[in-house]
Structures are given as structure tokens and as C-alpha cells.
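Lettering of chains follows the sequences in order, A, B, ..., and the numbering in each one begins at 1.
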Amino acid sequence: MISEQIRVRFAPSPTGYLHVGGLRTALYNYLFARQNNGVFILRIEDTDRSRYVEGAVENLIETLKWAGLDYDEGPGKGGEYGPYVQSQRLDIYRKYAKQLVEEKKAYYCFCTPERLEQMRQELEQKGEFAKYDRFCLNLSSSEIEQKLKSNTPYVIRMKVPDNTTIKFYDLIRKDVEISSQLIDDQVLIKSDGYPTYHLANVVDDHLMKVTHVIRGEEWLPSVPKHILLYSYFGWEIPALAHLPLLLNTDKTKLSKRQGDVAVEDYRAKGYLKEGLINFIALLGWNPGDEREIFTLEELIQEFSIERVGKSGAVFNIDKLNWINLQHIHKKTEKEMLPILKEIISRSKYKDQLFSDKYLEKVIHAMRERINYLAGILEKSPYFFEPPSSYDPNYLSKHWKSETPIWLDKLVEAFSKLENPVKNDFESALNQTAEALGVGRGKIIHAVRLAVSGVGEGPGLYDILDILGKEEVINRIQQAIKNIKIQYARE
RNA sequence: GGCGCUAUCGUCUAAGGGUUAGGACACCGCCCUCUCAAGGCGGUAAUACGGGUUCGAAUCCCGUUAGCGCUACCA
């Protein structure tokens with residue numbers, strides 16, 4: 001016997017950008033599919049028209065593509081079980097809802113939102129669970145027909161049995177049981193004709209032959225509704241796995257306000273997809289040994305649902321930074337060049353021209369000093385424009401009254417160099433220091449300040465080599481002038 | 001409020017009856033060094049609380065507490 005092919009899906013709703021929590025859900029689904037030679041489906045759950053955001057689907061697909069999580073079936077890709085956008089499947093949901101109504105497993109409800117609101121308030125005041133009171137459960141068929149004919153707005157609700165306990169097994173949480181007493185007669189079809197998540201999800205998972213439902217923990221409490229639906233339809237229930245939540249530093253559910261949650265924001269900062277994926281994979285899963293750095297391929301090999309944890313994980317940016325650096329270590333300058341160029345094209349330096357060779361040298365000099373590519377612009381703007389100010393602390397420590405005299409000598413020495421490279425700058429500086437009878441360290445710090453304006457960064461000779469003779473001399477002369485002015489003001 | 005899920009260093013986690021409770025990030029110190037990083041070495045730091053079961057509990061059971069999730073014609 002050949003066992004059934006594994007099919008999983010990532011089913012986001014297009015409400016804007018892809019959330020990092022969503023990326024993790026997508027990743028785990030992807031890993032599970034790939035390691036089992038299964039199928040990874042992308043399904044768009046756009047059944048809430050009020051929350052629909054223009055362009056969100058394209059954005060979602062683009063971001064998934066960037067992350068390297070390519071899907072086998074879905075919008076723009078096709079597949080046997082499409083369409084993969086729920087708003088294009090309305091007839092299907094209506095058909096199944098009708099079927100349930102005919103079998104008395106669901107019923108029309110004509111209650112107005114106002115009545116429901118009032119009912120809830122009353123129940124809440126009495127301290128009772130605010131559950132639909134089944135006002136419309138026993139309407140006569142003639143009543144129903146009449147209301148339907150007069151176009152009274154309606155929803156279709158599923159009928160939930162009164163007193164059963166629903167037990168199910170979750171791959172991550174093991175045995176869970178919930179009493180049906182607490183389950184409301186869930187709306188399946190809304191008055192606008194669109195299905196709710198619960199109906200659409202169950203119908204689609206069945207029709208698309210999904211074998212494993214891997215999704216966020218926030219869905220755990222509604223599993224009984226889904227199980228009821230599966231049994232009403234007489235369908236097999238897929239395996240379930242509810243992933244722990246991603247949290248803010250203060251342990252609340254990960255949200256905007258407390259930092260970036262959109263995958264595209266990390267991308268824009270120049271985090272490597274390898275770094276983000278690696279970090280996110282480790283939020284709730286570990287290989288069982290002490291390895292931490294993984295490529296996507298390695299994750300496919302190593303991942304297992306059994307090793308996914310149960311408790312929420314804080315999204316810790318420090319760890320992301322470290323993991324991303326580990327992946328920067330593995331990249332060549334050439335590989336990172338397009339990312340840097342992209343960042344520059346969105347920066348204030350976008351109109352300046354920098355050669356690929358120049359930028360590769362900058363990456364080489366900065367790669368150990370950053371955690372993401374945009375860090376190059378943040379930490380070493382001096383590779384893109386002359387310093388506009390000089391760090392006061394560094395200045396007071398390393399800029400003495402004799403400094404301008406030494407630097408004049410140095411400029412003189414540098415001027416004589418022809419097409420100097422790193423070593424030429426170094427020996428010229430050494431010779432000048434010796435001739436002056438000054439420790440070379442003193443000159444080095446002053447030059448660093450003059451050319452970069454700050455007291456940190458790559459080795460000085462690397463900076464000089466990148467900037468080139470003309471620029472170096474200009475900046476030193478500029479600094480002598482500017483810093484004199486600064487002194488004069490004080 | 002009700003229901004559910006969860007609980008090991010600050011954070012991510014390992015250990016699933018017997019370990020000095022391990023690793024990683026962060027933090028601190030030292031080395032390296034023209035600065036800042038990177039790298040190397042070392043250090044501080046945890047089983048939420050209370051009861052059981054057991055020769056022995058982070059681990060099994062019960063309770064408490066806390067956090068989070070759900071309780072919509074949102075997903």
C-alpha cells in the first residue's frame with residue numbers, strides 16, 4: 001500500500017502584509033510538505049470583505065517568494081483543486097450550507113444584529129454565557145419561505161448538539177476536550193452571502209484533500225465546530241497541529257507598535273531571508289541537539305512536528321541579529337551587493353553613483369560590524385558622503401593642538417603616492433610618524449576622525465583604500481579647517 | 001465572567017524519575033587590537049508556588065497563581 005500523499009496549506013487572509021507569525025506558520029507547513037514529498041498549497045481566505053486590502057494578495061505572494069517558500073498549488077500557480085481564492089468559491093460554500101439546512105444540521109436565521117446585541121447584553125447581565133438563543137431554530141417552513149421571498153436578510157447557522165463533549169487529538173497538544181455546551185450555533189453563511197472562516201475552511205480543506213492542518217494556536221478553541229462540521233458532512237478529519245503563538249518582549253501577542261512584525265520590514269532593512277527563516281524556525285522548534293544555524297534545505301531534513309513546543313515564544317531581535325550575522329558570514333560580497341544597492345536606491349544616496357566594485361569593498365569592510373545590510377548606511381555613512389560633524393568624545397581624546405601639523409605632513413606624504421592601495425597608505429603613515437617622532441597611533445586616530453567623523457569602524461587603512469587618495473586628502477584638509485573653526489568657537 | 005492552552009536562566013531552549021539542570025542570544029570580565037566589530041577564553045543567571053506519589057521529582061498526579069488565546073454575520 002502506498003500511503004496517502006501529504007497535503008498541507010497556508011491560508012492567510014489578505015489584510016495587508018505578511019506577519020512574521022504567518023511566515024512561521026507558512027514555514028512549518030512548507031517544511032512538513034517538503035520533507036514528506038507532499039504538496040504545499042497557498043489558499044487565500046478573503047471572506048471578510050470589510051477587511052480586504054487592495055494589493056495584499058500580490059504582496060503576500062511576493063513575500064513568500066522572497067522567503068523561498070514556493071507553493072505547489074495556489075493563486076497564479078493553478079492546481080487540480082482550485083480556485084484557491086475563497087471569494088471565487090462562493091457557490092461551493094452555499095451548496096454545502098444548503099445541504100446542511102436540508103438535513104436539518106443547519107438553519108436559516110433572520111435575527112437582526114440589533115436583536116442579537118440586545119440578547120447578548122441581557123445574557124451577560126445575568127452572568128450567563130452569551131450564546132445564540134435559537135430564536136429561529138424552529139420556524140415553520142412557510143415562515144421561512146415567506147421571509148426568503150420578501151428578501152429578509154438572513155444567515156445560516158449550524159446546529160450544535162446540546163450536550164456532547166468533543167475530544168480530539170492534536171499533534172502538538174495531544175488530547176484536548178471541550179464540552180459542546182460552550183459552543184455557539186456558529187454562523188456559516190453571512191448575510192452578504194459569504195461564508196465564515198469555519199465553513200469555508202472545512203469545506204476547502206476537504207475538497208483540496210488537505211491531510212494535515214498546521215495553524216496558529218488561536219484556532220484551538222474553534223476546533224470542535226470544525227469537527228462537528230466534518231461529521232455532519234461525513235468527511236474524514238485531517239490531522240491537527242496548533243502552533244504556539246509568537247510574543248512581544250512583554251509576553252503579549254506579537255503586534256505592531258512594539259517593533260516590526262511585517263516580513264517586508266525585515267526584508268527592507270536588509271535581513272537575509274536565510275537569517276529570518278532560520279530564526280523563525282527556532283521559535284517553537286529545535287533539533288534536539290545544540291545546532292542552531294540551518295539552511296532551508298537543512299531545516300527540511302531536520303524538522304519534525306513532534307519537536308515543536310507548546311508554549312509561546314518571544315520574538316527576540318538580538319537573537320535574530322546574531323543568527324543573521326551567521327548567515328552573512330556565509331555569503332560573498334557579490335551575493336549581498338544587490339541587497340545593498342536596493343537599500344541605497346531607497347535612501348538619500350539614491351542619486352549618487354557607486355560602482356559595484358566600490359560597494360563590494362564597502363561590504364567587505366563592514367560585514368563583521370553589522371547585523372543587516374542597512375546597518376552599513378547607519379554605521380558608516382562616510383562611505384557615501386564626507387562627515388558633516390565630528391564625534392566630540394573621540395575628538396577631545398584624539399585631536400590635540402599639534403594634530404593639524406602632523407596631518408599637514410601626512411597629506412604631503414599621501415600626495416606623493418601614485419594610485420596608492422592599502423599598504424601604501426600604511427607605510428606612508430608609518431614613515432611620517434617616524435619622521436615626526438610621534439607614535440603612529442596618535443596619527444591613526446586623528447586621520448580616522450578626519451575621514452569618517454566617528455571613532456569606530458573598519459581598520460583605518462581599509463577605509464583609506466576604499467575612499468581613495470583624492471577623497472582622503474580632501475577630507476583631511478577639510479577636517480583641519482573645520483575643527484579649527486570648532487576650536488575657535490569654543 | 002466562562003472555556004481552553006501554557007509554565008526551566010532576562011530571552012530561545014535541552015534534559016521526560018537519579019546530571020555539579022546543558023547549549024545559544026543578551027550581559028560582565030580577559031585575550032586579540034589603530035577604533036568599533038568579528039573571533040577565542042571565562043563568568044553571572046532558571047525548574048512559578050503549595051501539596052502529594054516515590055528510596056529519589058524540573059520530570060508523574062492534584063490544587064493555586066500567572067500569562068496568553070477564544071468567547072463576532074474577523075480571520
In terms of relative ring orientation, are A:Tyr132 and A:Tyr107 parallel, tilted or perpendicular, with 30° and 60° separating the classes?
parallel
Hey, is the side chain of A:Arg120 poking within less than 4.0 Å of OP1 or OP2 on B:A72, counting only N and O atoms?
yes
Checking B:C5, B:C12, B:U35 against the side chain of A:Tyr394 (C-beta onward), the nearest is B:U35
Choose from B:C5, B:C73, B:A75 the nucleotide whose nearest atom is closest to any side-chain atom of A:Leu220.
B:C5
A:Tyr461, nearest nucleotide to its side chain (from B:C34, B:C5, B:A75):
B:C34
Taking the side chain of A:His329 as heavy atoms from C-beta outward, which of B:U13, B:C73, B:A38 is closest to it?
B:A38
Judged by atom type as modelled, is there a donor-acceptor pair below 3.5 Å linking the side chain of A:Asn324 to the main-chain atoms of A:Asn371?
yes
Are more than 12 heavy atoms, taken from residues, nucleotides or ligands other than A:Phe135, located less than 6.0 Å from that residue's CZ atom?
no
Counting Watson-Crick and G-U wobble pairs only, both distances under 3.5 Å, name the nucleotide matched with B:C5, or none.
B:G67
Would one find more than 12 heavy atoms of other residues, nucleotides or ligands at under 6.0 Å from atom NZ of A:Lys147?
no
Is a donor-acceptor contact shorter than 3.5 angstrom present between the side chain of A:Lys319 and the base of B:A24?
yes
Phosphate oxygens OP1/OP2 of B:A14: is one of them under 4.0 Å from a side-chain N or O of A:Asn286?
yes
Rounded to whole angstrom, note down the P distance from B:U19 over to B:G63.
28 Å
Ignoring hydrogens and angles, does a donor from either the side chain of A:Arg448 or the base of B:C34 sit under 3.5 Å from an acceptor on the other?
yes
Could you please name the partner base of B:A58, counting Watson-Crick and G-U wobble pairs only when both distances are under 3.5 Å?
none
Is there a Watson-Crick or G-U wobble partner for B:G16 with both distances under 3.5 Å, and if so, which one is it?
none
Name the closest nucleotide to the A:Ser191 side chain, picking from B:C73, B:G22, B:A14.
B:C73
From the candidates B:G23, B:A75, B:G4, the one with an atom nearest any side-chain atom of A:Val176 is B:G4
So which nucleotide does B:C27 pair with, by the Watson-Crick or G-U wobble rule with both distances under 3.5 Å?
B:G43
Please enumerate all residues that pass side chain to side chain donor-acceptor pair (under 3.5 Å) together with A:His206, with sequence neighbours excluded.
A:Trp235
Choose from B:C73, B:U6, B:C74 the nucleotide whose nearest atom is closest to any side-chain atom of A:Val155.
B:C73
Identity of whatever pairs with B:A72 - Watson-Crick or G-U, under 3.5 angstrom:
none
